[in-house]
Participant: 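Quick one: the structure is below, and I'll ask about it shortly.
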Protein chains: 2
Amino acid sequence: MPQITAVTVEDVRFPTSLTADGSDAMNKDGDYSAAYVVLHTDGVDAAGAPLAGHGLTFTIGRGNDLVTAAARQQAARLVGRDVDEMAADMGAVYRFLGSDSQLRWLGPEKGVVHLSLAAVMNAAWDLAARAADLPLWRLLADMSPEQLVDVADLRYLSDALTRDEALDILRAKEGTKADRVAELTRTGYPAYTTSAGWLGYDDAKLRRLCQEAVDAGYGYVKLKVGADLGDDIRRCAIAREVIGRDRKLMIDANQVWDVGQAIEWVGELARFEPLWIEEPTSPDDILGHAEVRRAVAPIGVATGEHCHNRVMFKQLFQAGAIDFCQLDTGRLASVNEIVAVLLLAAKFGVPVCPHAGGVGLCEMVQHVSVLDYVAVSGDLTDRVTEYVDHLHEHFTDPCVVRDTGTGSAYALPDSPGYSTRMRPESVARYRFPDGEFWANAGDAAAVPPPGPRQATGGSIVPADR
Amino acid sequence: MPQITAVTVEDVRFPTSLTADGSDAMNKDGDYSAAYVVLHTDGVDAAGAPLAGHGLTFTIGRGNDLVTAAARQQAARLVGRDVDEMAADMGAVYRFLGSDSQLRWLGPEKGVVHLSLAAVMNAAWDLAARAADLPLWRLLADMSPEQLVDVADLRYLSDALTRDEALDILRAKEGTKADRVAELTRTGYPAYTTSAGWLGYDDAKLRRLCQEAVDAGYGYVKLKVGADLGDDIRRCAIAREVIGRDRKLMIDANQVWDVGQAIEWVGELARFEPLWIEEPTSPDDILGHAEVRRAVAPIGVATGEHCHNRVMFKQLFQAGAIDFCQLDTGRLASVNEIVAVLLLAAKFGVPVCPHAGGVGLCEMVQHVSVLDYVAVSGDLTDRVTEYVDHLHEHFTDPCVVRDTGTGSAYALPDSPGYSTRMRPESVARYRFPDGEFWANAGDAAAVPPPGPRQATGGSIVPADR
């Protein structure tokens, strides 16, 4: 009965570049940002508060205005829609928003218009879950196999996964879902941390953070590599010394290498026995990842945070290119595309270890990982979900990661929705460029390297140096 | 000595949806559009006119504002740069503009920020050629192998093409370039037409346009297919009846099929002996194209207009997925990425038949095809470049296609630059949304299907039905 009455899309940027949080060999100075969509309705939720859906995609600063502008165009098409009708057929909502062939030309299914579609559909899913007064993972886990397959975008996948195969995968797990929900309620979903290993941190900070990760119960620690081999060897040695041989070490190159260079460099770091090398080369290079994987085994290959859609994941699986699927909840176009990738991963037997860390991503991936275990893969082997301990204070229902005795883990979210409602005071303070923080930041923050600062408006743009 | 003093980026849209020009099974109602970049300088050209660089990328309507906004941010970084210094190292200009890691996150190297980079770098190349008082193909063809390889973006390609291999390819053609320039000056570069076969045309118009293509000397005609098999069979029969068996027929599905469906559908059309099936499935599906190609041989597989970067083309070649490389001058990030793809194509022996037809694309591809023949492949076998006879009147130096006795062909461009300077009166009339045409068009034109019209500004967007 409630209808969507208006949409708000905000460009929210946090000045993470000031502290080198998030720094890696490709991305040296990201300002973690969200294109933040709110679908307002004329209804109320179970608690009597105004009913709204909140969604976002993650970027690292400049260009967040482009995603925001695209999301505004897409979300406007939902104004006037009935919330219950939408919730009853979310596959149709997804297809409706993706059906604009003029916007499709700008991808298709990639780049700004796909990131923005993710933000809008994430908001629609949050709305559907809040309308049902359920956390999103529960809304999805309670669906029948037919309902969940109807949600999934299976276009272009039938050579690898038919609808019937998808149904078979879900039906095989149908009867035991409640057991796995009970298990995760006790144990949480296994987490690992990247907080220790950003490239911009010095050795003393790296050592201290690795020790803190051990003390917090993490069985996994991830380091950024790829800028300088000598540095990488020294940093991996420090990490191994602190975490010992029983805990897992992962390394992440953030796409800086060509294929041959990746194979050589990882060979030099093999002595530290990393569990995986993440993003060894261009995220588009499916065949390249397959070649790296053959060469560096038994070190695994992981990628996905820049894998732009289900067709790319299909091929990564078909080519035997990856050992770990790191899908991203802001880059894939929401649950509709994510469920398709979870099904593909289950069919090909590849564990899903979602990418997170960026603002709001940890809040979302917990729902996806729980859904995967409860309803799709039914397996925790080699599964671990990324966690970075920053920026959670900006959300009204932040994720909770704690040591459950068997290691650090995400506690099952129990608030209604997708956990991505931002605090109004955070939005007001960090809205770009007019929020209180940015209005007072001056040129010290957010100066683009290298070269002059980029102008964002006006048709004639004079030099502004 | 001249410096870039300002940049202008315009959102120019032509109402092609009103006549079904450009209609196909995926894109039913495109308004052919350009994100049009002008780099203004304080210098003058050889004719004494103000020196400026003009470049564009092509879209089909909504979203052109997003590309325009992105191009504005990127192009602003060139203000204050010295034109001669830029022209002396265009590889450095390309890397400079691509080095913004925050914008890179939105791709990388795909979607809106890559389309906009193409527009800006196309303008930079036009500027370099005008500063040299040469047509762009000549500027490039006159380069030494070392200079041309320095222009090419070879990142992520070394497993398929090393710098030394690239140099060898160019050196092998170095001594005979002048002969091929002389040949093309006589014959032009072979062209084919898509004007006849848009899906929105009725049978009578299709028949008439096929006859006109024959009369104009075209040896090739291309039809859009993929919406309805019965329609496709009838339309192919009409085309074959008119063009006979000696001329080539191509078919283009614009990505509407899954892999298995493509194989079945093309099997039904095999009786019409098409030269190629173009875009049978998702442009991201490298392995899918390879499977289609194996199944439909001897019908060739062609794709490229949505192939977003050189890494994807590398894999299409490595996987043996295509018979024809249809690179796009608005989607690849200008000459820098195009030269890399020409070199890869030459190494793998795949003919390059560039995509064109959209506004300004024919103007650009003629330079690319001539460069390919003169300096890279040295081969015209199976090469033919797309041509559509519309929207050329908006350019000051439109391409010229004529029957040279051996079939229709692009005449060698002889004006300085990249042939993409638009007439000021066209920009003024078709600038969106405030140009004379759009300001007076009302809602009859440019209404997005399906659903309410999309709003483009403002934070709160009410329903506007």
Side-chain angles (χ1 to χ4, degrees), chain A residues 6-9 26-28 30 59-63 66 69-70 72-73 76-77 79-80 96 100-103 105-108 110-113 115 156 158-159 258-260 281-282 284-288 291 306 308-309 311-312 315 318-319 448 451-452 454-456 459-463 465, chain B residues 6-9 26-28 30 59-63 66 69-70 72-73 76-77 79-80 96 100-103 105-108 110-113 115 156 158-159 258-260 281-282 284-288 291 306 308-309 311-312 315 318-319 448 451-452 454-456 459-463 465:
Chain A
V7 302
T8 318
V9 186
M26 183 66 84
N27 308 294
K28 293 178 175 56
T59 80
I60 62 170
R62 282 180 298 282
L66 303 172
R72 207 167 274 145
Q73 294 187 38
R77 300 179 75 201
V79 174
F96 170 72
D100 186 322
S101 65
Q102 294 189 7
L103 286 184
W105 186 270
L106 307 180
K110 60 180 69 73
V112 167
V113 296
L115 291 162
Y156 297 134
S158 59
D159 55 319
D258 272 34
V259 171
T281 188
S282 165
D284 293 336
D285 201 345
I286 294 153
L287 302 178
E291 190 175 332
H306 275 90
H308 53 269
N309 63 34
V311 179
M312 298 300 284
Q315 295 174 86
Q318 288 173 320
Q454 296 163 320
T456 53
S459 184
I460 300 283
V461 183
R465 285 190 285 197
Chain B
V7 302
T8 319
V9 186
M26 183 66 83
N27 309 292
K28 292 177 175 56
T59 80
I60 63 171
R62 283 181 297 282
L66 303 171
R72 206 167 273 145
Q73 294 188 37
R77 300 179 74 202
V79 173
F96 169 73
D100 186 323
S101 64
Q102 294 189 9
L103 286 184
W105 185 270
L106 307 181
K110 60 180 71 71
V112 166
V113 296
L115 291 163
Y156 296 134
S158 60
D159 56 319
D258 273 33
V259 170
T281 187
S282 164
D284 293 336
D285 201 345
I286 295 153
L287 302 178
E291 190 175 333
H306 275 89
H308 54 268
N309 64 34
V311 179
M312 298 299 284
Q315 296 174 86
Q318 288 173 319
Q454 296 163 321
T456 52
S459 184
I460 301 283
V461 183
R465 287 189 286 197

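Keep in mind that the numbers below use all heavy atoms, side chains included, and drop hydrogens, waters and symmetry copies. Below, chains carry the letters A, B, ... as their sequence lines are ordered, and counting in each starts from 1.
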Participant: Should B:Asp284 and A:Asp284 count as side-chain neighbours, where that means a heavy-atom distance under 4.5 Å?
Facilitator: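 No; the side chains remain at least 4.5 Å from each other.
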
Participant: Rounded to the nearest 0.5 Å, what separates atom CD in A:Gln318 from atom CD in B:Glu291?
Facilitator: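 So the CD of A:Gln318 and the CD of B:Glu291 are separated by 7.5 Å.
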
Participant: Would you call B:Gln315 and A:Asp285 a side-chain contact if the rule is heavy atoms closer than 4.5 Å?
Facilitator: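 Yes, close enough: below the 4.5 Å cut-off.
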
Participant: In terms of heavy-atom proximity below 4.5 Å to chain B, should A:Leu115 be classed as side chain, backbone, both, or neither?
Facilitator: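 For A:Leu115, side-chain heavy atoms alone lie under 4.5 Å from chain B.
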
Participant: Measuring from atom CD of B:Gln73 to atom CZ of A:Arg62, what distance do you get when rounded to the nearest 0.5 angstrom?
Facilitator: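 Going from CD on B:Gln73 over to CZ on A:Arg62, the span is 8.5 Å.
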
Participant: Quick check on A:Met312 against chain B: is it the side chain, the backbone, both or neither that has a heavy atom closer than 4.5 Å?
Facilitator: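 For A:Met312, the contact with chain B is made by the side chain alone.
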
Participant: To check you understand the geometry: which heavy-atom pair defines the closest contact between A:Ser101 and B:Ile60, and what is its length?
Facilitator: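 Here A:Ser101 and B:Ile60 meet closest at O-CD1, 3.5 Å.
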
Participant: Based on non-hydrogen pairs under 4.5 Å, which of B:Leu287, B:Asp159, B:Asn27 is most in contact with chain A?
Facilitator: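 Heavy-atom pair counts peak at B:Leu287.
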
Participant: To the nearest 0.5 Å, what is the distance between NE2 (B:His306) and CG (A:Leu106)?
Facilitator: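 Reported value, rounded in 0.5 Å steps: 8.5 Å.
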
Participant: Might you point out which heavy atoms bring B:Tyr156 and A:Asp258 nearest each other, and give the distance in Å?
Facilitator: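 Closest approach of B:Tyr156 to A:Asp258: N-OD1, 2.8 Å.
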
Participant: For chain B, which candidate among A:Gly260, A:Pro108, A:Gly30 shows the most heavy-atom pairs at distances under 4.5 Å?
Facilitator: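 The candidate making the most pairs under 4.5 Å is A:Pro108.
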
